[in-house]
**Student:** 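If you scroll down you'll find the structure; I have some questions about it.
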Amino acid sequence: MKRRVEQRGRFITLEGGEGVGKTTNLRLIGDILARRGYDVLVTREPGGTPLAEEIREVLLARRDEQVTPLAETLLVFAARAQHVQTVIEPALADGRWVLCDRFTDSTFAYQAGGRGLAPAIVEQLAAWVHDARWPDLTLYLDAPAALGMARIADRDQDRFEGERTAFFDRVRAVYRERARSEGRVVEIDASRPLAYVSEDVAAALDLFLAGVACSA
Ligand code: Z5A
């Protein structure tokens, strides 16, 4: 049985472009927290519930029809509404720590930055769908798009991965801007070998845990 270290659960997200190492480092964080006795739930967006996983498939499928930025954004938030209300909030209320691969920072980066949707629309939808629920800590893994794409070159490309370099440059610019302006976001240089990146991820987590311990 898991030891409950602290009553209130925490919400931690990993963000960044394709192939930067989000999934890999999320596993590392999960292991560290589990070793320290926290009850951890690992999940992802889009996805995390059966319905949201179906929406993910719709979003990622390559298709001839042009998907409008607004339609894409509404699909992302439909999946998020289901995920937040049926998985994330109940887990946090139960004192669990939720580790999520991507969240609304991705929507600012991809739909507002990449697709050119007005950021105000993302803000409105975020307020509507998850209100004041924002991650307690976000680790943003930063690397040039070409590097991340090279790391996942052996996988089939989804609809996003088929985009041009300029799209990913805009995505990265928004992420970097948010890393500067949002206090909860820690930027980590993910262009280095995995051991260095994971060391920084673990250090950022340590710092966060120290803050949690002080506030307890
Ligand atoms: N999307 C959106 O548009 N709007 C939204 O609001 C949300 C999402 C939430 C699917 O996300 C798509 O959804 C995404 C944006 C859109 N667009 N795309 N594509 P996803 O998270 O499932 O897709 P992804 O970013 O492509 O995930 P990924 O390919 O699995 O990347 P990753 O998780 O960051 O990387 P990884 O799997 O941990 O690592 C990839 C490989 O690199 C693996 O072999 C590792 O061993 C290796 N690796 C990792 N780090 C290193 C280092 N430092 N050096 C060397 N090799 C490494």
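As the structure lists them, so they are numbered: ligands from 1, and atoms in each ligand from 1. Heavy-atom basis, side chains included; hydrogens, waters and symmetry copies ignored.
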**Student:** Would you kindly specify which portion of Lys22 sits under 4.0 Å from ligand 1, judged on non-hydrogen atoms: side chain, backbone, both or neither?
**Tutor:** both
**Student:** Is a side-chain donor or acceptor of Lys22 paired with a backbone partner of Cys100 at a separation under 3.5 angstrom?
**Tutor:** no
**Student:** Using a strict threshold of under 4.0 Å (side-chain N to carboxylate O), is an ion pair present between Arg192 and Glu199?
**Tutor:** no
**Student:** Please compare His83, Glu163, Glu18 and report which has the shortest non-hydrogen distance to atom 17 (N) of ligand 1.
**Tutor:** Glu18
**Student:** For ligand 1, does Leu60 get within less than 4.0 Å through its side chain, its backbone, both, or neither, judged by non-hydrogen atoms?
**Tutor:** side chain
**Student:** Under 4.0 Å from a heavy atom of Ile152: which atoms of ligand 1 are those, numbered in the order shown and with their elements?
**Tutor:** 29 (O), 40 (C)
**Student:** May I ask you to identify the nearest protein heavy atom to atom 11 (O) of ligand 1, giving residue, atom name and distance to one decimal place in Å?
**Tutor:** Arg102 NE, 3.1 Å
**Student:** Quick one: do Asp206 and Arg36 make a salt bridge, cutoff under 4.0 Å?
**Tutor:** yes
**Student:** Closer than 4.0 angstrom, basic N to acidic O: yes or no for Glu53 and Arg44?
**Tutor:** yes
**Student:** For Asp136 and Arg184, work out which heavy atoms get closest and say how close.
**Tutor:** O-CB, 3.8 Å
**Student:** Determine the interplanar angle of the Tyr110 and Tyr175 rings, folded into 0 to 90°, and report it as parallel if under 30°, tilted if 30 to 60°, perpendicular if over 60°.
**Tutor:** perpendicular
**Student:** Consider every N or O of Glu45 and every N or O of ligand 1, then say whether any pair is closer than 3.5 Å.
**Tutor:** no
**Student:** Of the choices Glu72, Arg155, Gln111, Arg115, which has the non-hydrogen atom that lies closest to atom 37 (O) of ligand 1?
**Tutor:** Arg155
**Student:** With respect to atom 15 (C) of ligand 1, which of Phe168, Tyr110, Phe77 exhibits the smallest heavy-atom separation?
**Tutor:** Tyr110
